[in-house]
Amino acid sequence: MTRSRRVFLLGSAAVLGSAAVAHAQEAAPGAPAPKPGELPPGSPPAFGTAPPVGPLVSATTFSEAEKLVQVELTESERAQAAHNWRSSMAALCERRTGPRKVALEPRLAPYSLWNPVLPGHGAVPERDRFVRTERGPGPLPATDAAIAFAPLWKLSRWIESRQLTSERLTHIYMSRIERFDPRLRCVITPTRDLALAQSRAADRQIAAGHYRGPLHGIPWGAKDLLDTAGIPTTYGAEPFKDRVPVKDAAVVRRLHEAGAVLIAKLSLGALALNDVWFGGQTMNPWLLEEGASGSSAGPGAALAAGLVAFAIGSETEGSIVSPSMRCGVTGLRPTFGRVPRSGAMTLCWSLDKLGPMARSVEDTMLVLQAISGPDEADLGSVPSHLDFDASAGVAGLRIGYFPSWMNADPATEVDRRVLTELRQLGLTPVEVAIPDWPYDCLNAILFAEAAAAFEELTLSRRVDSLKMQTPDSWPNTFRQARFISAVDFVQADRMRRAVALRMQELLSQVDLLLVPSLRDETLVIGNFTGLPSLTLRAGFVQVTEARSDWAPDPDRPLPSFKPPRRVPHGVTLIGRLFDEGTIARVGLALERSLNVVAESPPGF
């Protein structure tokens, strides 16, 4: 504690001084008397004794505040709390409001690190193994459009065998971006010069026999929260439109090293929320009357429209799963800690994850292999093994499912048919259940961390420049989060451990889970426990109204359709920590069995 905490301010300085003098004379006759306001030597610091700061508060202030934090005080308790608030609690805000204000550097992570691995957890793979499918890619398609929509695993084989050059593929995608992006608004910054230089270098290296692996020469897009040296990284938000980093994010650096070709910085909802950025709303190629969903809106739309071969998205709570569902692509949310986030925008230190999005299951694993591994700049990243064998069978695996969830919205007949399909593939369905808890309470952690990450933006009022200023957008949430009780934050963190323990117990009974992709509990539980998930197209459904990530607005009704429109629908597999290999094996078997992944949106 500081010296100021040793000075009692509950009475006048004169009273304190005379009391101290009397005490000193009684204890040591002839000793010099303390100065007014000082305590005898050896007096410990005390709470509630800091110099009073901040505005005056009253019992009425606490009466109103009780409504925000849902506690009840008596009249005498309110009076007592108001009496010394300025000397006890208000002083704790000195870091941001007092004369000794401390600015926290944006990259500074909290001291407390979150680790999803609980004591006794034994499901982490013990070895590295990566076996690609042995099937051939077939002949190179005759049209540029067919090449553009080919999955990464085929493109890589054609480039490796030199049936296709990286430069030609790069030109195909750049041409499609120029043609289709005005309708989709999924590209924030094209990286044409870099892409051409990288593609030509890749062709030279491959021709000389220096093939780096399956990503060599493959054009990709980065969600625009990944730093790219000398290229704008805007977070999709007005205050950062002119931000140009000097270093590449760790994931960008690793993809450069793998020989991949960065062709575009792709859109995201501003500060990683939903699908509206400073350039407008990113649209769904399958249904242009609705947004692509977010926040990895650009990756979802660009992949669905055949504008990139793969992309890197991010997820805090649904930002890979939701656009993968909406746009009919494949999204892999890795285990928390597997992929480093160094050089990526921070929204929530204990939740943010970077992961691949592509057009097939194997594609996502090829990318995951290249970007996995710790980086010293991300304190949450950890060493891990990746065990994936595309040729391994799935018969005998136990797949858990929640009967009540499979028979209620947002599950559809597609979800239920997948359960039947898995049984036919030889998996054993197992009914599972979890407690009926208010899992959304965990969002106290997300909102508090996000408000902390963007504190300066909020308090400086620069957040007011964001396009979306609705009750459910970040500006309002950042402001509201200032009033989340610190006690409730800690209790949410304790509940998080309780949920993780329950999920660890559940996943000891089955090998993986099948869940409706957009079931609220699955997005909250999966992300807050750090579990990996794979979302893949499983069929098609009919919709009579456009869908939105935003809360309903009676003044802006969504478009309706007669007759209904046909759109893709996906399911999600959730695995044990660091066991992406198992969910990918099952996803690959499903993808081949269902045979619905190759269809592309009309008009693209």
Side-chain angles (χ1 to χ4, degrees), residues 109-128 315-318 321 332-341 348-355 368 372-375 378-387 397-402 430 432-446 448-449 487-515 519-534 572-584:
Y111 190 72
S112 300
L113 295 180
W114 186 76
N115 185 350
V117 181
L118 298 168
H121 175 72
V124 177
E126 297 180 352
R127 63 175 176 178
D128 283 311
E315 173 150 328
T316 304
E317 192 176 309
V321 173
L332 176 61
R333 181 189 74 212
T335 302
F336 180 88
R338 179 185 282 284
V339 177
R341 304 158 301 173
C348 185
W349 289 275
S350 71
L351 281 168
D352 294 344
K353 295 161 288 288
L354 301 176
L368 183 65
S372 290
D375 181 80
D378 179 3
L379 300 178
S381 64
V382 296
S384 60
H385 295 290
L386 181 60
D387 188 352
L397 290 175
R398 300 161 299 167
I399 186 157
Y401 72 98
F402 300 85
V430 178
V432 296
I434 55 174
D436 184 20
W437 289 348
Y439 295 100
D440 279 348
C441 290
L442 297 178
N443 281 325
I445 298 170
L446 165 58
E449 287 197 35
V487 175
D488 286 328
F489 178 90
V490 173
Q491 298 298 62
D493 198 39
R494 297 177 68 205
M495 179 177 168
R496 185 178 191 175
R497 181 177 293 274
V499 174
L501 287 167
R502 292 283 184 160
M503 292 303 293
Q504 178 177 271
E505 180 183 359
L506 189 155
L507 284 167
S508 70
Q509 303 165 16
V510 296
D511 298 296
L512 70 165
L513 300 170
L514 169 70
V515 298
R519 179 89 189 187
D520 187 49
E521 294 95 331
T522 68
L523 294 175
V524 174
I525 293 171
N527 278 288
F528 277 91
T529 57
L531 297 170
S533 76
L534 177 71
T572 293
L573 304 173
I574 294 178
R576 296 169 176 155
L577 295 172
F578 300 101
D579 195 19
E580 288 86 351
T582 296
I583 58 176

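Scanning for side-chain hydrogen bond (donor to acceptor under 3.5 Å, both in side chains) contacts around Ser372 gives an empty result, with sequence neighbours left out. Remark: Arg398 engages Asp511 in a side-chain hydrogen bond (donor to acceptor under 3.5 Å, both in side chains) (not counting sequence neighbours). Residues that satisfy the side-chain hydrogen bond (donor to acceptor under 3.5 Å, both in side chains) test with Thr582, not counting sequence neighbours, are Asp579. With sequence neighbours excluded, the residues that form a ring-ring contact (aromatic ring centres under 6.0 Å, His included) with Phe402 are Trp405.
The CD1 atom of Ile525 sits 9.5 Å away from the CH2 atom of Trp437 when rounded to the nearest 0.5 Å. To the nearest 0.5 Å, atoms CG (Leu573) and CD1 (Ile399) are separated by 5.5 Å. Atom CG in Leu351 sits 6.5 Å away from atom CD in Glu449 (nearest 0.5 Å). Residue Gln491 holds its CD atom at 15.0 Å from CZ of Arg496, rounded to the nearest 0.5 Å.
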Name every donor-acceptor pair, under 3.5 Å, that has one atom in a side chain of residues 109-119 and the other anywhere in the protein, sequence neighbours excluded.
residue: Asn115; atom: OD1; partner: Val117; partner atom: N; Å: 2.9

Donor-acceptor pairs under 3.5 Å, side chain of residues 334-341 to any protein atom, not counting sequence neighbours: which ones?
residue: Thr335; atom: OG1; partner: Phe578; partner atom: N; Å: 2.7
residue: Thr335; atom: OG1; partner: Glu580; partner atom: OE2; Å: 2.9
residue: Arg338; atom: NE; partner: Glu580; partner atom: OE1; Å: 3.0
residue: Arg338; atom: NE; partner: Glu580; partner atom: OE2; Å: 3.1
residue: Arg338; atom: NH1; partner: Ser384; partner atom: OG; Å: 3.2
residue: Arg338; atom: NH1; partner: His385; partner atom: O; Å: 3.3
residue: Arg338; atom: NH2; partner: His385; partner atom: O; Å: 2.9
residue: Arg338; atom: NH2; partner: Phe578; partner atom: O; Å: 3.0
residue: Arg338; atom: NH2; partner: Glu580; partner atom: OE1; Å: 2.8
residue: Arg341; atom: NE; partner: Asp378; partner atom: OD2; Å: 3.1
residue: Arg341; atom: NH1; partner: Trp349; partner atom: O; Å: 2.7
residue: Arg341; atom: NH1; partner: Asp352; partner atom: O; Å: 3.1
residue: Arg341; atom: NH2; partner: Trp349; partner atom: O; Å: 3.4
residue: Arg341; atom: NH2; partner: Asp378; partner atom: OD1; Å: 3.0

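When all heavy atoms of Leu506 and Ala433 are compared, the pair lying nearest together is CD1-O, 3.7 Å. Annotation for Met495 and Cys441: closest pair SD-CB, 4.3 Å, computed over non-hydrogen atoms. Between Phe528 and Asn443, the shortest heavy-atom contact is CE1-OD1, 3.6 Å. Nearest heavy-atom pair, Val321 versus Ser533, reported as atom, atom and distance to 0.1 Å: CG2-OG, 3.8 Å.
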Could you walk me through whether Val515 and Ile574 pass side-chain contact (heavy atoms from CB on, under 4.5 Å), step by step?
-> CA-CA 8 Å; Val515 298; Ile574 294 178; 3.9 Å; yes
Does the side-chain contact (heavy atoms from CB on, under 4.5 Å) test come out yes or no for Phe489 and Ile445, once each step is laid out?
-> CA-CA 6 Å; Phe489 178 90; Ile445 298 170; 4.2 Å; yes
Test side-chain contact (heavy atoms from CB on, under 4.5 Å) on Asp387 and Asp128 and set out the steps.
-> CA-CA 5 Å; Asp387 188 352; Asp128 283 311; over 6 Å; no
Evaluate the side-chain contact (heavy atoms from CB on, under 4.5 Å) criterion for residues Met503 and Leu513: first the C-alpha distance (whole Å), next the side-chain angles of each, then the deciding distance (0.1 Å), finally the verdict.
-> CA-CA 11 Å; Met503 292 303 293; Leu513 300 170; 3.9 Å; yes
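Side chain to side chain, Thr529 and Arg502 fail the donor-acceptor criterion of an N or O pair below 3.5 Å.
Two residues are said to be in side-chain contact when any heavy atoms from C-beta on lie closer than 4.5 Å; Thr316 and Asn527 fail this criterion.
Taking 4.0 Å as the cut-off between side-chain N and carboxylate O, Lys353 and Glu315 do not count as a salt-bridged pair.
Taking a 6.0 Å sphere around CG of Asp440, one finds it holds more than 12 heavy atoms contributed by other residues, nucleotides or ligands.
Checking side-chain atoms of Arg333 against main-chain N and O of Gly530 turns up no donor-acceptor pair under 3.5 Å.
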